[in-house]
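Okay, structure first, notes after.
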Amino acid sequence: MNEEKALEISIQIFERVFGEKVSFSLQDIYEKFAFDRNLPYEVKDSTTGEVTWADSINFDQYITLANSEKWERAGKWKGSAKQITSFKELMECFQNLNYITTERVYDSLNVCKSDTIYRSQNVYHSTNTSDSSHIIFCNGVGNSEYLLSSSRSYQCNYCISADDSINCTNCYHVICSGKISNSMFIQDCSDLNECMFCAHLSNASYCICNTKYSKDDYYAIKKIIVEWIMHS
């Protein structure tokens with residue numbers, strides 16, 4: 001996974017969600033849609049000086065998972081017995097071992113700038129991801145595909161900014177909702193299709209602000225909203 005592939009995946013997601021091609025750069029997408037996400041930070045491997053990515057920056061020493069495994073094979077993590085006469089000496093011994101492991105990627109393929117990724121593939125600058133693929137700028141997603149800038153969501157596909165949600169498809173900015181499709185700006189809803197700016201609503205379609213519209217009127221307004229999102 002590299003930036004070119006991450007941009008390609010992001011463009012595919014935008015085309016599915018909004019129905020039009022975009023000319024954003026990957027940096028544009030991050031600054032417009034993912035700037036507030038809690039994503040891995042860039043730090044330095046304390047043993048080699050190489051750039052790596054970690055969930056937290058509140059530590060002094062880091063080591064990549066790959067380098068940690070090299071140390072283990074070389075027996076570098078094993079200490080030798082010594083007499084300890086003070087708490088200070090104990091902490092000094094511990095400090096020599098206390099590296100925070102970064103880029104923890106397990107049973108996964110094509111992962112970049114990410115930490116704590118499990119059984120996933122094609123993941124870019126994300127964290128806490130499991131059993132998923134084509135994930136960009138996400139934190140805490142599982143059993144999902146083609147997600148961008150989403151958090152704590154599961155069984156979702158082709159969504160941008162899906163948070164605390166499940167079973168959502170082709171959606172933008174969905175919060176605490178389930179079984180939502182082709183919708184935007186949804187909160188605390190369920191079983192919606194083609195709805196916008198709705199909250200606490202269930203089993204509905206072609207609604208805006210919880211009010212039913214004709215199909216033609218709905219799509220006319222949706223076109224205006226998409227234009228605003230993509231070009232404002």
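- Using a 4.0 Å cut-off between charged side-chain N and carboxylate O, Asp131 and Arg119 make a salt bridge.
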Pair Ser181-Asn193, side-chain hydrogen bond (donor to acceptor under 3.5 Å, both in side chains): steps then yes or no: CA-CA 5 Å; Ser181 60; Asn193 177 55; 2.8 Å; yes
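- Rounded to the nearest 0.5 angstrom, Asn38 CG and Asn128 CG are separated by 8.5 Å.
- In this structure, Leu39 is a member of the same hydrophobic cluster as Ile29, with clusters built from ILVMFWY side-chain heavy atoms closer than 4.5 Å.
- Ring orientation note: the planes of Phe185 and Tyr172 are nearly perpendicular, at an angle over 60° on the 30°/60° scale.
- Put simply, the side chain of Ser126 gets close to the backbone of Phe137: a donor and an acceptor are under 3.5 Å apart.
- Under the ring-ring contact (aromatic ring centres under 6.0 Å, His included) criterion, Tyr118 pairs with Tyr106, not counting sequence neighbours.
- The SG atom of Cys171 sits 10.5 Å away from the CG atom of Leu147 when rounded to the nearest 0.5 Å.
- In this structure, His125 contributes its side chain and Ile136 its backbone to no donor-acceptor pair below 3.5 Å.
- The distance from atom OG of Ser68 to atom OH of Tyr99, rounded to the nearest 0.5 Å, is 11.0 Å.
- In this model, a donor atom of one side chain and an acceptor atom of the other lie less than 3.5 Å apart for Tyr219 and Glu194.
- Distance check, rounded to the nearest 0.5 Å: CD1 of Ile186 to CE of Met196 gives 9.0 Å.
- Taking the six-membered ring for Trp and thresholds of 30 and 60 degrees, Tyr146 and His134 have nearly parallel ring planes, at less than 30 degrees apart.
- One side chain, Thr127 or Thr116, offers a donor N or O that lies under 3.5 Å from an acceptor on the other.
- With Thr101 contributing its side chain and Ile63 its backbone, the two residues share no donor-acceptor pair below 3.5 Å.
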Evaluate the side chain to side chain contact (heavy atoms under 4.5 Å, CB included) criterion for residues Lys179 and Leu192: first the C-alpha distance (whole Å), next the side-chain angles of each, then the deciding distance (0.1 Å), finally the verdict. CA-CA 7 Å; Lys179 297 182 180 179; Leu192 302 186; over 6 Å; no
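- Cluster annotation: Ile180 and Val226 are assigned to distinct hydrophobic clusters (Ile/Leu/Val/Met/Phe/Trp/Tyr, side-chain heavy-atom contacts under 4.5 Å, transitive).
- Heavy atoms of other residues, nucleotides or ligands lying less than 6.0 angstrom from NZ of Lys223 number 12 at most.
- Hydrophobic clustering of Ile, Leu, Val, Met, Phe, Trp and Tyr side chains at less than 4.5 Å, counting indirect connections, keeps Val123 apart from Ile11.
- No side-chain donor-acceptor contact under 3.5 Å links Glu103 and Thr64.
- When each of Phe197, Tyr206, Tyr213 is paired with Tyr218, the ring pair (Phe, Tyr, Trp, His ring centres under 6.0 Å) condition holds for Tyr206 and for no other.
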Apply side chain to side chain contact (heavy atoms under 4.5 Å, CB included) to Thr47 and Trp71, showing your working. CA-CA 10 Å; Thr47 67; Trp71 276 37; 3.4 Å; yes
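- A continuous path of Ile, Leu, Val, Met, Phe, Trp and Tyr side chains, each step under 4.5 Å between heavy atoms, connects Ile225 with Val17, placing both in one hydrophobic cluster.
- Rounding to the nearest 0.5 Å gives a distance of 9.5 Å between CG of Asn122 and CD of Glu8.
- Cluster membership for Ile229 and Leu26, using ILVMFWY side-chain heavy atoms within less than 4.5 angstrom, is shared.
- The structure places OG of Ser190 at 6.0 Å from CG of Asn203, a figure rounded to the nearest 0.5 Å.
- Using a 4.5 Å heavy-atom cutoff, the side chains of Val51 and Lys44 are in contact.
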Result block: side-chain N/O donor-acceptor pairs under 3.5 angstrom for residues 159-166, not counting sequence neighbours:
unit_1	atom_1	unit_2	atom_2	d
Asp163	OD1	Arg37	NH1	2.9
Asp163	OD1	Arg37	NH2	3.2
Asp163	OD1	Ser151	N	3.2
Asp163	OD2	Arg37	NH1	3.4
Asp163	OD2	Arg37	NH2	3.3
Asp164	OD1	Arg152	NE	2.7
Asp164	OD2	Arg152	NE	3.4
Asp164	OD2	Arg152	NH2	2.9
Ser165	OG	Asp163	O	2.8
Ser165	OG	Cys176	N	3.3
Ser165	OG	Ser177	N	3.1
Ser165	OG	Ser177	O	3.3

Give the intermediate values and the outcome of side chain to side chain contact (heavy atoms under 4.5 Å, CB included) for residues Thr102 and Asp45. CA-CA 8 Å; Thr102 65; Asp45 183 309; 5.7 Å; no
Please step through side chain to side chain contact (heavy atoms under 4.5 Å, CB included) for the pair Lys21 and Glu15, ending with a clear verdict. CA-CA 5 Å; Lys21 293 184 177 181; Glu15 290 181 358; 3.0 Å; yes
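- Salt bridge Lys113/Glu3: present, at least one basic N to carboxylate O contact under 4.0 Å.
- Under the salt bridge (Lys or Arg N to Asp or Glu O under 4.0 Å) criterion, no residue pair touches residues 202-221, with sequence neighbours excluded.
- For Phe14 and Phe33, the distance between ring centers is under 6.0 angstrom.
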